[in-house]
Each structure stands twice: as structure tokens, then as C-alpha cells.
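Each ligand, and each atom within it, is numbered from 1 in the order the structure gives.
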Amino acid sequence: LFLTNERHHLRVAVDAPQHSGLSGCLDYSSAQALEPGTLVSVPFGQRQVCGIVWRGEPQELGDIAIKPVSQVLYVLPALSERWCKLAQFAASYYQRSLGEMALSVLPPELRKLDNSQLENRLVRLHKNLAPLEVSTPITPPELNLEQATIVAQLDTLNITGTSSVVLLHGLTGSGKTEVYLRAAEQALAKGQQVLVLVPEINLTPQLEARFMERFSGGSTPRRIVSLHSGLSPAQRLKNWLTAHLGLADLVLGTRLAVFASMPRLGLIVVDEEHDPSYKQQEGARYSARDLAVYRGKLESACVLLGSATPSLESWHRANESRYVRLTLPTRVGGGALPKVRLIDMGVLPKVKGGDTSLTPPLVAALAQRIERSEQSLIFLNRRGYSPVLHCMACTWKSGCPYCSAWRVFHKLDRTLRCHHCGFAQPVPRACPDCGNPDIAAIGQGTERLEELLSAALPGARIARIDADSTQKKGALETQLASVHSGEVDILVGTQMVTKGHDFRRMTLVAAVNPDGALFSSDFRAPERLFAMLMQAAGRAGRSAEQAERSEMWIQTWFPKHPLYAALCEHDYNAFAASQLNERKIAGLPPFTHLGLLRAEAKTADAARAFLQTAAEILSQFPGADQLLVYPAVPTAVARVANIERMQMLIEGSSRVVLQRVLTSWMASLPALRRQHKGILRWALDVDPLAI
Ligand SMILES: [Zn+2]
Ligand SMILES: [Zn+2]
């Protein structure tokens with residue numbers, strides 16, 4: 001503390017939204033010198049907002065009176081310089097204001113508390129902290145040779161103390177989690193903290209249980225907390241504080257946990273690193289996977305990216321030796337990947353009524369499994385009964401009046417529901433246009449597939465898992481438990497069922513209608529389809545006795561497609577090589593870098609006009625001649641809830657040039673938006689995942 005009359009000038013990152021036009025820090029004064037990373041409350045316009053004291057010199061102020069800090073949250077230890085650098089990088093890379101970025105990733109409760117409230121929370125936290133109890137250590141499973149080699153290699157990497165990124169390419173069921181556990185053990189033994197990221201909230205309890213079992217007892221018990229959006233605000237704050245104070249040794253969480261404040265961080269694990277849910281899709285559109293890699297560098301921590309089907313970005317970096325690639329090529333415990341069979345829909349006899357998803361050979365294969373008391377999984381990425389209803393007499397189809405999309409027929413509650421805006425109505429008794437009572441369903445969703453299965457296989461025990469069947473809290477867990485206990489013969493589901501679950505009795509996995517993604521306008525669709533099918537295949541043949549007769553069926557009209565050929569061989573490497581080659585020729589990521597400006601307006605013209613003017617502004621910045629700006633086009637579903645959505649892609653071969661131009665551009669867009677009154681929302685997405 002400086003005990004003079006002099007007031008200290010500080011830089012403060014304040015919680016101001018992007019559109020306020022404030023991108024950096026503001027200056028405030030304080031009676032005491034405050035350490036960077038300290039949380040404060042400051043006046044901002046008419047309001048009091050939360051802020052973080054930031055490193056750096058205040059501007060030359062002359063005689064302008066600057067406002068004093070209102071409150072210092074002194075009971076909370078300051079955020080580390082490394083944490084602040086992570087937030088600063090994320091803000092500048094993803095083109096958000098610094099304060100918005102840094103504060104939006106803190107627990108919301110933290111921003112509401114004053115000193116005495118926070119002090120109470122801290123006292124309670126220390127009092128209620130579960131004691132660490134020494135117990136008989138459990139014996140970890142023996143490693144196979146491949147796992148042992150990798151664990152030894154990780155140990156060597158860790159000892160060198162350099163921040164290294166390891167891409168762990170391991171088949172589904174090859175024992176990646178055991179490698180994570182051993183890597184965590186090494187880091188914990190050095191007194192470091194470990195951060196483990198998973199793509200989905202519903203996968204956290206499973207993983208938490210395994211980490212608890214391994215680390216919460218033994219001779220040196222560890223404290224484990226989770227961080228994800230499913231926690232209550234109070235619980236999230238408590239877990240965040242436990243990590244920030246260094247009381248938690250392990251933090252498990254979803255993408256937001258990449259910003260957990262951890263003073264002794266030594267290892268970051270990103271499980272299923274290819275998963276699209278690591279990309280935040282609103283607000284600051286950051287990639288938790290990419291930030292984990294950057295954070296590893298800042299913290300001199302090892303980053304372990306694991307996947308059976310790595311993202312092509314990570315695979316490419318490993319090809320260039322920027323990441324260390326380690327491979328787990330076989331399944332543990334004698335399991336083997338199922339044999340992939342392509343069922344050529346073109347040569348199957350036409351079925352009456354056109355219900356082609358449930359083909360006679362598939363019904364026979366399912367019946368065979370039931371006879372042997374084995375389980376089957378049928379995968380169809382479309383929920384509801386039927387994606388569209390139509391009138392047999394006129395051209396009426398069940399369109400959504402507010403979106404450029406069909407409303408899906410849900411038979412259970414006899415509604416037509418729009419999956420984009422949520423608009424739902426009872427199914428009409430007759431065609432709204434011509435009065436014809438003969439309205440028919442076109443195509444199949446999971447609900448209809450379930451119904452067809454019951455009819456084709458009377459007595460079969462069928463369960464369906466999708467977003468509709470799992471709305472109630474705990475429903476998913478209950479349904480999964482009944483599959484595990486053998487109460488289900490056939491599981492029908494969307495991609496929800498393909499992730500992470502370890503079904504012991506599963507010997508048949510069938511994808512009944514996967515062709516759509518082969519011809520998508522989104523260049524990442526084949527990569528996603530391949531990953532999804534590999535994941536789905538991974539649900540079968542996980543135990544040695546079933547490995548022999550496990551199969552994955554793909555019903556397709558394009559059996560000669562190279563994607564399916566690679567899938568038949570379980571050959572990710574060949575698939576990745578051919579995709580990367582295509583991307584290189586087409587000038588797509590990871591060989592180029594993308595930014596996507598989206599605009600939403602009442603009319604398509606208004607959205608287009610905004611994007612076109614924005615493109616003209618962009619062309620005037622130095623470096624813009626090295627970028628390619630595509631024309632503004634409607635998004636895949638152009639109209640949602642009566643709002644037209646357009647997007648414009650910006651491509652550059654140099655990430656640095658792209659970043660520089662985007663930064664200048666972003667500074668001028670709030671003013672442009674004010675001139676375009678029709679614009680309701682706009683956003684820039686750096687490294688967009690879905691085009
Ligand atoms: Zn009609
Ligand atoms: Zn709609």
C-alpha cells in the first residue's frame with residue numbers, strides 16, 4: 001500500500017458489451033495501488049459494473065478528472081497474469097471486447113457479490129470442504145504394451161518441462177481414458193493441477209466417477225470438482241473458487257472450464273477433441289480446444305488432445321510435427337471394431353409404401369440378435385415421426401409459416417413442430433389448402449422408426465433416445481441404465497447415443513439413412529459424418545466374446561463413395577489424407593483461415609445491404625487485397641421466426657493478415673450498424689465451424 005495522498009491511476013477491463021464500441025480498458029483512480037487481476041466495481045455510465053484491474057499504463061490524462069473505483073473485492077486473490085493473458089488473447093482472436101470476454105467467463109455469481117457476501121461464501125466453502133480421507137489405494141488396471149509405451153512417452157515429455165501438445169489418436173475402446181488417468185497421476189504427483197475437458201455435460205458424471213475412483217482416496221487423496229453450465233449458480237461459484245484457491249487438484253468440465261482459474265495448472269486433457277460442441281456458438285464464439293492449446297503454452301503445461309477421429313486441423317498440425325502424435329491402434333480387453341457392411345439400397349427390391357429405412361435384411365439381422373440375446377443400435381439423425389407431411393391431392397406441405405423449414409410431425413402428441421422456432425400446432429384433420437383428408441407422412445424420424453420396428457418385430461423391447469425422449473431431468477440416465485442392464489433389445493436414437501457410452505452387449509449398429517451429409521454445402525459435413533459413424537461403430541464389439549460377430553451396417557444409395565470405403569477399413573488415416581488433399585486443392589481450412597460475418601434482419605434485402613457495405617469498408621483496410629470476400633448468401637435455414645439470416649465469408653491464407661484486417665473492420669461495424677436500422681443482430685465468427 002502507498003500511504004500518500006497521491007491517487008493511483010489504473011486500467012480496468014469493464015463488463016461492457018461488444019456493441020458499446022468499447023474494446024479495451026478504461027481508466028479509473030484508486031487510493032491504493034491494486035494488483036492486476038483484482039476484481040473491482042466501477043461506475044460505467046449510469047451503472048455500477050464489475051471490472052478487472054488490468055496490467056498496462058493508463059493513458060495520459062492531463063486534467064481530466066477520472067472516476068474512482070467504487071469497491072475493491074479484496075477478499076478474492078487476484079486472477080493470475082497468465083489467466084489475464086488467456087482472456088486477452090481470446091478477446092483479440094475472437095474479436096470481442098476485452099471486458100466482455102474476461103468477465104463473461106467468470107461465474108455469474110461472482111459479479112454480483114460484495115466483499116462481505118464473498119467473505120461469507122469463502123468461510124462457508126472452507127468449512128464445508130469435504131475432508132480428504134486416506135484409504136486403501138485401488139489397483140489400476142494393467143496397461144497393455146501400447147498404453148504403457150504412451151504413458152512412458154508422456155512422462156518423458158512432462159519432465160522436459162516444455163509445453164507440448166500431444167494428439168492421442170486412439171480407436172474407440174482403446175483405453176484412452178486410462179492414459180488420461182495415468183497422465184493426470186504424473187502431473188498430480190508433481191503438485192500440479194489437472195484440467196479435463198469433455199464435450200457434453202452428460203459425459204461428465206461418467207468421467208467424474210472414474211477420476212473419483214482413482215484419485216479421491218489412496219495415500220494422497222485429491223479433491224475433484226466439476227464446472228459446467230448444468231450446475232446451480234452457487235455450486236458453480238463454489239467449484240470455481242475451489243479451483244482458483246488451489247484447493248481442487250482436478251477440474252472436470254465442458255468448454256467453459258477452459259477458463260477455470262487454476263494457479264498450479266500442469267496438464268490439460270481435451271477428450272473427443274474433434275467434437276463440435278467445443279465451439280461456443282453465441283456471444284464470444286471461442287473454441288475451447290484451440291484455447292486449451294494456447295493456454296498450455298502460457299502455463300508451460302502439457303496439452304493432451306484425444307480422439308478416435310481427430311479434427312483435420314489437429315491432424316494437419318501433427319502432420320507438420322507441431323503436435324506430437326501418439327497412437328493407440330487396438331482395443332483393450334480383446335474387443336475389436338465391428339465389420340462394416342454397406343447395404344446397397346439401389347439393388348434392394350422396392351418395399352410397398354416406400355418405407356425404405358427398415359429393409360428386410362436389416363429386420364432379419366435384428367431378429368437374429370434378439371434370438372442370441374444381443375443388443376442392436378439403430379442410428380438415425382432425425383427426431384420426430386416424419387420430417388414433413390403432405391397432401392396427396394394438392395401441393396400442400398407442412399411448412400413453418402415463420403421459417404424456411406418444414407414442420408416435423410410428432411405422432412405421440414399429434415403436433416406439427418418447427419425444430420427451428422418451436423412453433424407447434426395440432427396436426428390438421430384435413431389439408432388446410434384443399435380440404436382433402438388424405439394427408440401423408442414423407443420420410444422417417446426416430447419416432448416412426450420405433451413404430452415400424454415394433455410392427456416388424458413383435459415382442460422386441462425397443463427404446464428410443466433423442467432430444468424428445470430425454471427432456472425430463474434424469475430421463476437419459478434412466479434410459480441408458482435400462483440398456484446397460486439388458487432390458488432393451490433395440491435402441492433407436494439420434495447422434496446422442498453414439499457418444500461415449502460403453503454398451504457391453506451390442507453386436508449390431510446400423511446407420512439407416514446417413515447419405516445426406518455426403519452432398520452438404522458445408523465443407524465440414526463429410527468430416528462430421530465420418531466421425532459420427534466411427535463413433536457409432538465404436539458402440540459395438542467392446543467385449544472379446546462379441547467382437548467376432550459384431551457388425552456395423554450402412555444403408556446407402558452410394559456404396560462406392562470413398563468416405564464409406566475408408567469407413568469399411570476403419571481407416572481414419574486414409575480418410576484424413578484424402579480430405580486434407582481436397583481441402584488443400586479447394587483452399588479451405590486448415591490451409592486457409594476463415595471469418596464469417598452474420599446478419600439478421602426483417603428482410604433479406606436489409607441483411608444483404610449491411611453485409612455488402614461491410615464488405616466495401618473491409619476492402620479499404622491495408623491487407624484486404626490478400627483476402628477473399630465471398631458474396632453474401634442466405635444461411636442454410638434462411639428464415640427463422642420471421643427473421644432473415646444472411647452470412648458472408650472472408651478467407652485468407654495468412655492468419656496474421658486476416659486477424660489484422662478483422663480487428664480494424666470490427667472497430668467500424670458498430671457505426672455501420674447504426675446506419676442500417678433494419679439490422680436486428682450481427683456477429684463475427686472467427687474459425688466458424690458450420691458454414
Ligand atoms: Zn391439399
Ligand atoms: Zn419455425
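The nearest N, O or S atom of C421 is closer to the Zn ion (ligand 2) than 2.8 Å. Taking 2.8 Å as the threshold, C403 counts as a candidate ligand of the Zn ion (ligand 2), since one of its N, O or S atoms lies below it.
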Candidate pair E451 and R448, rule salt bridge (Lys or Arg N to Asp or Glu O under 4.0 Å), full reasoning: CA-CA 5 Å; E451 185 184 280; R448 189 175 194 187; 5.6 Å; no
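Between E282 and R681 there is no salt bridge, since no side-chain nitrogen of the basic residue lies less than 4.0 Å from a carboxylate oxygen of the acidic one. At a threshold of 4.0 Å, the pair K411-E447 does not count as salt-bridged, since none of the basic side-chain nitrogens sits closer than that to a carboxylate oxygen.
Around the OH atom of Y402, the shell of radius 6.0 Å holds no more than 12 heavy atoms that belong to other residues, nucleotides or ligands.
Here the Zn ion (ligand 1) is the vertex; the SG atom in C431 and the SG atom in C394 give an angle of 110° (to 10°).
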